[in-house]
Amino acid sequence: MKLLKLIPAAAIVLTAFMPLEGKTEQICMYNNAAFAIEKMFITNTSSGASKDTGSFTLGVTKCIKLGDVPVPLNNGYNIKYIIEAGSSNCNQNQQSACLCAEYLRHTSSDEGNTYTYEVTGSATASRCDKQ
């Protein structure tokens with residue numbers, strides 16, 4: 001009988017020590033272009049760690065949490081995408097990976113926020129802008 005009385009108390013103690021997942025900034029990309037995106041990826045500028053979304057087509061939005069890269073608070077990161085089927089002309093520059101944003105900083109004021117970048121254009125002239 002005493003054991004049954006202790007179980008609820010033990011459950012409360014155990015949950016008090018369980019780590020809670022913190023809110024992290026999330027970066028999304030909406031494909032509104034005339035091509036499939038091979039992948040969107042975020043790279044930690046300090047460590048070089050990166051995470052990508054995989055392929056997605058017109059009308060689809062994919063997201064990455066900065067904590068999954070990981071990009072700790074006060075670290076910088078870049079957002080890029082690759083057009084499926086090869087190189088492209090990104091903002092008038094020929095390159096294999098198109099840059100959406102560079103030298104962004106993960107700050108505590110952004111915690112829990114979602115930022116979406118929209119990719120538009122064609123495989124020969126694409127661009128990415130924050131919505």
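Computation of the quantities below employed the complete heavy-atom set of this structure, encompassing side-chain atoms and omitting hydrogens, waters and symmetry-equivalent molecules. Sequential numbering from 1 along the given sequence is applied to the chain's residues.
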Fill in the blank from the handout: salt bridge (Lys or Arg N to Asp or Glu O under 4.0 Å) filter on Asp68, not counting sequence neighbours, yields none

Exercise for the section: Measure from the side-chain N and O atoms of Asp110 to the backbone N and O of Asn113, and report whether any donor-acceptor pair falls under 3.5 Å. Expected result: no

Exercise for the section: Could you check whether the rings of His106 and Tyr77 sit parallel, tilted or perpendicular, using 30° and 60° as the cut-offs? Expected result: perpendicular

Exercise for the section: Working to the nearest 0.5 Å, report the span between CD1 of Ile82 and CD1 of Ile37. Expected result: 10.5 Å

Handout entry: Worked verdict on Cys63 versus Cys28 for disulfide bond (SG atoms under 2.5 Å apart)
Key = CA-CA 4 Å; Cys63 301; Cys28 298; 2.0 Å; yes

Exercise for the section: Could you tell me whether the side chain of Ser122 and the main chain of Ala34 form a donor-acceptor pair under 3.5 Å? Expected result: no

Completion exercise
With sequence neighbours left out, the residues meeting side-chain hydrogen bond (donor to acceptor under 3.5 Å, both in side chains) with Thr114 are Gln26

Handout entry: Residues that Ser109 engages under side-chain hydrogen bond (donor to acceptor under 3.5 Å, both in side chains), provided they are two or more places apart
Key = Thr107

Problem - Residue of the set Lys39, Lys62, Glu84 for which side chain to side chain donor-acceptor pair (under 3.5 Å) holds with Ser55 - result: Glu84

Problem - Short side-chain to backbone donor-acceptor contact, Thr116 and Met29, under 3.5 Å - result: no

Practice task
Say whether Tyr117 and Ile64 are linked into one hydrophobic cluster, either directly or through other cluster members, by side-chain heavy-atom distances under 4.5 angstrom.
Solution key: yes

Practice task
Indicate yes or no for a side-chain donor-acceptor contact from Asn78 to the backbone of Tyr103 under 3.5 Å, with no hydrogens or angles considered.
Solution key: yes

